[in-house]
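Input: a single structure, listed below in structure tokens.
When reading the values below, keep in mind they use all heavy atoms of this one structure, side chains included, and skip hydrogens, waters and symmetry mates. Remember, it's 1-based here, ligands and their atoms both numbered in the order they're listed. Given the structure is predicted, the values throughout are model-derived calculations rather than measurements.
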Amino acid sequence: MTTQTVRPGEASRIAAPDEGISLDELRLAARNHGMPLEALRYDLTPPGLHYILVHYDIPYVATDSWRLTVDGRVDAPLELDLAALRARPRVELAVTLECAGNGRARLHPRPVSQPWLDEAVGTARWTGTPLAPLLAEAGLLDDAVDVVFTGMDHGTDRGVEQDYQRGLSVAEALGGELLLAYEMNGQPLPPQHGAPVRLVVPGWYGMASVKWLRGITVQDHRFTGFQNETAYRIKHDTDDAGVPVTGIRPRALMVPPGFPDFMTRRRIVDAGDVALYGRAWAGLATVSRVEVSVDGGRHWADADLGEQLGRYAWRSWSFDWRADTVGDVELVVRATDEHGDTQPVDQPWNTQGMANNMAQRVAASVR
Ligand SMILES: Nc1nc2c(c(=O)[nH]1)N[C@H]1C(S)=C(S)[C@@H](COP(=O)(O)O)O[C@H]1N2
Ligand SMILES: [Mo]
């Protein structure tokens, strides 16, 4: 395990203004698929349609020999196998996960990385055991500062060799209904989602929810590993140390109406009444308003909100669109959370394209 400090200024390379998506980006996009937006119809995203983000390789893990260690600044280090973990208190939580890079490919100029459009999201019912009681059992020492979660996957990023690792402060680790999850929608975790056990940090962007978890280490100093210190930060230029990416910002998405053209995905919609439908979420907050524009963002009207699936999960919304003018339209949708935080309609640019929640736009032709 290597924990190296990297100069905070090192961010994604920024593409030249007219630079197309490269084969390297295409390879990432083919491995890390999004959720087809028509799957917004399901309360819980069916297996295989949930988005996937894997930085390195999906590790092949033999469940029988898998162990989770809890060590570092604790009274009593622990080692658990899957049976021991499953024997602990069991909780279920519906959680909407979204990749912090969602929307990145639309930015100008484009940060070169996994090129998400709008679809890096999914909602699952995770079953597992709460993290806080496990840490309490190990007994955090008084000098505990950060809790570091280590996955079994390994690679290099910008020259830094690493296991996938993320750190949380002790308060964050104990505070937010964090889960060591071994089931997704009632089935054992599939390989791509972190089998046999992953961390789930409800309400946070996905990078915090470490998959293929093998170790939890409590340390007496701040964790400065790559994924906390360099990658998942919002920076406005390369000298900017940035702020860490944490809770998911509000976002609404719609099921694109009508039917698509194969290559352009442009929507073809019959004139008349069109029922628009989608989901909206805001990580640690509740979405209190969803607005729709059918004229590219000039005028807005309120959508009806459905039940929220859980404290950390999306809610549905619907909107009756009277598509009575034949021609091209641009549909836009935006969410606002209970604190009044509204999705921007113009791009909120940052060097790595993190936590960019620019409103979705859908081009359609009414016939
Ligand atoms: N070990 C490990 N955990 C990981 C990752 C990873 O590459 N390795 N990717 C993270 C990121 S960036 C995201 S967005 C989520 C994606 O979770 P999912 O693939 O189950 O949707 O997993 C997170 N946990
Ligand atoms: Mo991510």
Any chance the side chains of D328 and S365 put a donor and an acceptor closer than 3.5 Å?
-> yes
Any chance the side chains of R279 and Y277 put a donor and an acceptor closer than 3.5 Å?
-> yes
Under 4.0 Å from ligand 1, residues with heavy atoms, in chain and number order, are H50, Y51, I52, L53, V54, H55, C99, D153, Y164, H193, R198, G206, M207, S209, V210, K211, W212, Y232
Quick one: does R73's side chain get under 4.5 Å of H221's, heavy atoms only?
-> no
Full working for side chain to side chain contact (heavy atoms under 4.5 Å, CB included) between E183 and L189 | CA-CA 5 Å; E183 285 175 16; L189 291 192; 5.6 Å; no
Would the number of heavy atoms belonging to other residues, nucleotides or ligands and lying under 6.0 Å from CZ of R67 be above 12?
-> yes
Listing, residues 126-134 side-chain donor-acceptor contacts under 3.5 Å, not counting sequence neighbours, or none:
unit_1 : atom_1 : unit_2 : atom_2 : d
T129   : OG1    : P89    : O      : 2.6

